[in-house]
Amino acid sequence: MKTIDLRSDTVTLPSQAMREAMARAPLGDDVYGEDPSVNRLQERCADLLGKEAALFVASGTMANQVALGVLTRPGDEVICDQGSHPVNFEGGAMPALWGIQPRTLQGDRGILDPVEVEAAIRPDSEHFPRSRVLEIENTHNRGGGAVYPLDRVRALAEVARRRGLDLYLDGARLLNAVVASGVPARDYAEGASLVSLCFSKGLGAPVGSILAGDRDRIREARRLRKRLGGAMRQSGVLAAAASFALDHNVARLAEDHENARAMAVALSSIPGVVVPHPVETNLLFVSFGGRSAVDLVGRFREAGVLANPEGSRPDLVRFVTHLDVSRDDVLEAARRIASLVG
Ligand code: TLP
């Protein structure tokens, strides 16, 4: 029986063509700034995101933490959605690394309301932490892959600008948002001081993320990346995979989105099964009549379907489509699940 792995879009393996591009990549020591493949990727991503400069980093977590480290001082506060990745999935890095604290708001599927954000900004007083950064995530993971409407991003950027905060955009899946909405990446990133995107999610590269912003902030980001042990040497072998992913794997994200919708339709026909959010991109959250997600994923695993409990509610299972699963695979997964729970 074939295993169908829908735990995350991080599970993809580099294709043969991607591996060949990695093998061919011209290399140098990136700590000396001499890796042509890294330099090319950084320039390309700066342009894609409409920023002066960019820095290749090891992971989305490193991009987020370097960004927050650049934009804050100890004691500062970061306003973000309660489901945001740095709050939930980065091992407590905000306080542990930078001595900063999150101020969490309840967004609508992770999408923040500018009025609520403005109300959460602390008055200037010795009593309060200093509100310093507004962090948003597009697409929003815990929001079920929700795409930020561009006018909402602009309204939040305007609040941040007017109140002297920096906007940071966690764009781990920004290109999913771009493909789903038709909005160019640089438009989403326009009001952000720093923006990231990941190559190791739906784009199918094995490793790597980019952080983009103005020259001064990226110079400081380079220092913090070094401090975290993330200054790599012949990392062009990884940057080449990222460049290959940008060349070949962006437009096809639309297929992942269609496959997630097809799976949602198939699962919804099972009595008692509820898909609580519209499926906008490649993430699909499903409730199986209120049954425990932890128990269910164990049963699905026995049937060769891998998924994760979503975590924000005990009954939600998260399925993620990606370039290593086809339409037939997701429909087969839905059939196996139907035979278990139907
Ligand atoms: N998310 C992973 C898990 O950590 C939950 C996943 O499987 O979805 N920002 C966002 C919005 C993310 O979803 C992720 C990864 C990251 C940052 C971190 O990326 P990595 O895993 O490369 O550190």
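Values below: every heavy atom of this structure, side chains too, minus hydrogens, waters and symmetry copies. No experiment lies behind these values; they were computed from the predicted model shown. Atoms within each ligand, like the ligands themselves, are counted from 1 in listed order.
For the ring-ring contact (aromatic ring centres under 6.0 Å, His included) test, residues two or more places apart in sequence or in another chain that qualify with Phe89 are His85.
In this structure, the side chains of Asp324 and Val11 stay at 4.5 Å or more apart for every pair of heavy atoms.
Between Asp214 and Arg217 there is a salt bridge, since a side-chain N of the basic residue sits under 4.0 Å from a carboxylate O of the acidic one. The pair Asp124-Arg130 does not count as a salt bridge, with every side-chain nitrogen at least 4.0 angstrom from each carboxylate oxygen. Ion pair Arg163/Glu158 not flagged as a salt bridge, since none of the NZ, NE, NH1 or NH2 atoms sits closer than 4.0 Å to an Asp/Glu carboxylate oxygen. Taking the charged nitrogens against the carboxylate oxygens, Asp329 and Lys2 do have a contact shorter than 4.0 Å, which makes a salt bridge.
Contact shell of ligand 1 (protein heavy atoms, cutoff 4.0 Å): Ser8, Ser59, Gly60, Thr61, Asn64, His85, Phe89, Glu137, Asn141, Asp170, Ala172, Arg173, Lys201, Arg318.
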